[in-house]
Amino acid sequence: MIEIEGLRATGLHIDRFTLRAGEAWCCLGGTGSGMERFSAVLGGTETAYTARRLELPRDIGVISFRGQQELYEAELRRDDTDFLDRLDPGTPARAFLTRVEEHRALIDLFRLGPHLDKGYRQLSSGQARKLLLLAQLTRGVSLLVIENPWEGLDQAACAELDRVLAGLPGRGLGLLLFVGNQADIPAWCTHLAAFRDGRLVVQGDAATVHSEVRAALKRPEGLFRVSVEELRAERRTADNGADTLISLRGGFARYGEVEVFNGLDLEIRRGDHTLISGPNGCGKSTLLQILTGDHPLCYANDLTVFGRRRGSGESIWDLKRHMGIVSGDLHRNHRVAGSALAVVLSGLYDSIGLYTRPTAGDEELARRWLGRVGLAHRAGTSFRGLGYGEQRLLLLARALIKAPRLLVLDEPTQGLDEHHRGALLDFLASVAGRDLCTILYVSHRADEYRPFFSQHLRFS
């Protein structure tokens, strides 16, 4: 199904690789290891390469975060809300699927049946990811390539997807998975490989190369290496003395007539580091949008932020300058041109894009943060020129640059390998332990539930 010899591209070097029908391959690699570039070659979005031999099947399906981002942007360009007397929901979910009734059991397994008539933009990020998986499965591809298949999915969806994928090789379909965490390697994979520094360094039968693959994951040095004292000195806003940062009483959210959640009480005081978990589509991200002022229902709810009741004449910018935010929405909305350095600098001004001339001190601080997330060498690279995991690191630096009082992190480790993930969580533990920031954190991954979380809000 795949036959490669002498493949060369920027950041990618593969001497030889072969995948046959019925094989299930899993490749392990770190952030920036070259796996994303390989996936782009397979999917046809990377064309600047040379190869002595490159044979691919015509009916190949590739699922990636970058592809999901591009689809979301295409839906935004087709949004006709401004020309209608109602909200344009966009392309309905069922339009992405082939022979819906024939695949009803698979759709129900992914719990997407009730959402088929929703527009793509109305789906949660996890639901959208499941829809794209279903779109490839229902059209009958012979080779399925998936980057980080479990990312963005709740634990039940991960188990469902695992069962579905495990049965595909037996039907003659080829599988190629890319993961950044050793724990995400499925037990049923027939073959394993590892990428490191842009090269395919290990490959072979799973039982034979298992230990070599695990040893190949590179541990980067110096990630998030910064003291709490340094962060205190870098903080740009003064504490207004409010001990209660967030107070929500009888909180609710809905889209049209569809209720997302109702009757939610939440209080976050200084040092109440809060973990939020729950299934895809239950309203976790919507709740964060309400709390940060990025959803219009923030004014309809009984909500107080930093001691100020929403809707009492306060400026959203007065509130946001005390927040650092990483979310799927923020990631998707970074469509403007700009360098990595400009993205980090924009965190000082709470803007998407840089529209204020930074001071020399601001620029020096941004370069320090680029170094702290391991991207100092990428300062001049455009946001879109970075891999998905590198983009996520950049948004983390953007959120942390002003050492905010409240860190709002919605699945911040999505796209990161286990070493970057662990470094971030260790850093957050030190921040939490020294009372620098209060952390509000959404995650589906049980391996991210750390002891510093003092309260856990579970959606059902």
Side-chain angles (χ1 to χ4, degrees), residues 1-5 7 14-29 35-36 38-46 51-65 67-68 94-113 129-151 153 157-179 184-195 200 202-210 213:
M1 303 190 81
I2 297 179
E3 194 74 44
I4 294 174
E5 292 180 10
L7 176 63
I14 298 177
D15 288 327
R16 184 182 294 274
F17 178 74
T18 302
L19 184 152
R20 296 178 176 84
E23 293 181 347
W25 281 77
C26 184
C27 300
L28 178 70
M35 292 195 306
E36 279 190 70
F38 185 33
S39 174
V41 170
L42 297 175
T45 57
E46 173 62 71
R52 290 195 305 275
R53 186 178 186 185
L54 180 61
E55 295 182 9
L56 304 175
R58 290 183 179 179
D59 53 345
I60 182 172
V62 178
I63 299 165
S64 66
F65 286 117
Q68 192 169 335
R94 69 170 61 248
F96 292 89
L97 305 180
T98 304
R99 301 187 301 279
V100 170
E101 292 308 317
E102 181 181 327
H103 295 98
R104 180 62 65 175
L106 191 58
I107 293 167
D108 290 343
L109 182 65
F110 277 52
R111 293 179 293 172
L112 282 180
R129 190 155 176 81
K130 288 192 285 187
L131 178 65
L132 297 185
L133 283 161
L134 276 174
Q136 299 297 343
L137 291 172
T138 60
R139 78 180 180 91
V141 297
S142 64
L143 174 63
L144 191 57
V145 179
I146 314 176
E147 294 180 20
N148 294 300
W150 326 116
E151 292 279 19
L153 302 184
C158 286
E160 292 159 1
L161 178 60
D162 185 77
R163 287 195 297 272
V164 171
L165 295 182
L168 295 180
R171 294 160 45 187
L173 187 143
L175 269 180
L176 179 56
L177 311 181
F178 297 107
V179 303
D184 292 342
I185 299 175
W188 42 262
C189 277
T190 60
H191 294 74
L192 298 178
F195 281 80
L200 182 58
V202 180
Q203 59 179 306
D205 179 84
T208 304
V209 301
H210 196 272
V213 165

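Numbers for residues simply follow the sequence, beginning at 1.
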Open item on the list: With side-chain contact (heavy atoms from CB on, under 4.5 Å) as the criterion, how do L28 and V202 come out once you've worked through the C-alpha distance, each side chain's angles and the decisive distance to 0.1 Å?
Closed with: CA-CA 10 Å; L28 178 70; V202 180; over 6 Å; no

TODO: Give a yes or no on whether the backbone of L153 and the side-chain of R129 come within a donor-acceptor separation of less than 3.5 Å.
DONE: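 Answer holds: no.
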
Open item on the list: Tell me if a side-chain donor or acceptor on H191 pairs with a main-chain N or O of Q203 at a distance below 3.5 Å.
Closed with: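 Here the side-chain-to-backbone pair does not exist.
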
Open item on the list: Closer than 4.0 angstrom, basic N to acidic O: yes or no for K130 and E160?
Closed with: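 Salt bridge flag = no for E160 with K130.
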
Do [X] and [Y] have side chains that get closer than 4.5 Å, going by heavy atoms?
| X | Y | answer |
| --- | --- | --- |
| F110 | L131 | no |
| L109 | R163 | yes |
| V179 | I185 | yes |
| I63 | L144 | yes |
| M1 | S142 | yes |

Atom pair [atom1] ([X]) and [atom2] ([Y]), whose distance is rounded to the nearest 0.5 Å:
| X | Y | atom1 | atom2 | value |
| --- | --- | --- | --- | --- |
| L143 | I60 | CG | CD1 | 4.5 Å |
| L132 | L97 | CG | CG | 9.5 Å |
| L7 | R53 | CG | CZ | 13.5 Å |
| R16 | R52 | CZ | CZ | 7.5 Å |
| S39 | N148 | OG | CG | 10.0 Å |
| R94 | L112 | CZ | CG | 11.5 Å |

- [ ] Could you give me the CA-CA distance, side-chain angles and deciding distance for M35 and E147, then say whether side-chain contact (heavy atoms from CB on, under 4.5 Å) is met?
- [x] CA-CA 8 Å; M35 292 195 306; E147 294 180 20; over 6 Å; no

- [ ] Go through the structure and list residues passing side-chain contact (heavy atoms from CB on, under 4.5 Å) with L56, not counting sequence neighbours.
- [x]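 Scan of L56 (side-chain contact (heavy atoms from CB on, under 4.5 Å), adjacent residues dropped) gives I2, L42, L54.
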
Open item on the list: Going by the rule side-chain contact (heavy atoms from CB on, under 4.5 Å), which residues pair with P169 if we only count those two or more places apart in sequence or in a different chain?
Closed with: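 For P169 the side-chain contact (heavy atoms from CB on, under 4.5 Å) partners, ignoring immediate neighbours, are A24, L175.
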
Open item on the list: Apply side-chain contact (heavy atoms from CB on, under 4.5 Å) to residues F96 and T138 and explain how you reach the verdict.
Closed with: CA-CA 9 Å; F96 292 89; T138 60; over 6 Å; no

Which pair of heavy atoms, one from [X] and one from [Y], lies closest together, and at what distance?
| X | Y | result |
| --- | --- | --- |
| F195 | L200 | CE1-CD1, 3.6 Å |
| C27 | L176 | SG-CD1, 3.7 Å |
| G204 | V209 | O-CG2, 3.7 Å |
| T18 | E23 | O-OE1, 4.2 Å |
| A206 | C189 | CB-O, 3.5 Å |
| I107 | G113 | CG2-N, 3.6 Å |

TODO: Answer yes or no: does atom CZ of R58 have more than 12 heavy-atom neighbours from other residues, nucleotides or ligands under 6.0 Å?
DONE: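 Result for CZ/R58: open.
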
TODO: Go through I146 and L165 one step at a time and tell me if the side-chain contact (heavy atoms from CB on, under 4.5 Å) criterion holds.
DONE: CA-CA 11 Å; I146 314 176; L165 295 182; 4.1 Å; yes

Open item on the list: List the residues meeting ring pair (Phe, Tyr, Trp, His ring centres under 6.0 Å) with F17, not counting sequence neighbours, and say none if there are none.
Closed with: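 For F17 the ring pair (Phe, Tyr, Trp, His ring centres under 6.0 Å) partners, ignoring immediate neighbours, are W25, F38.
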
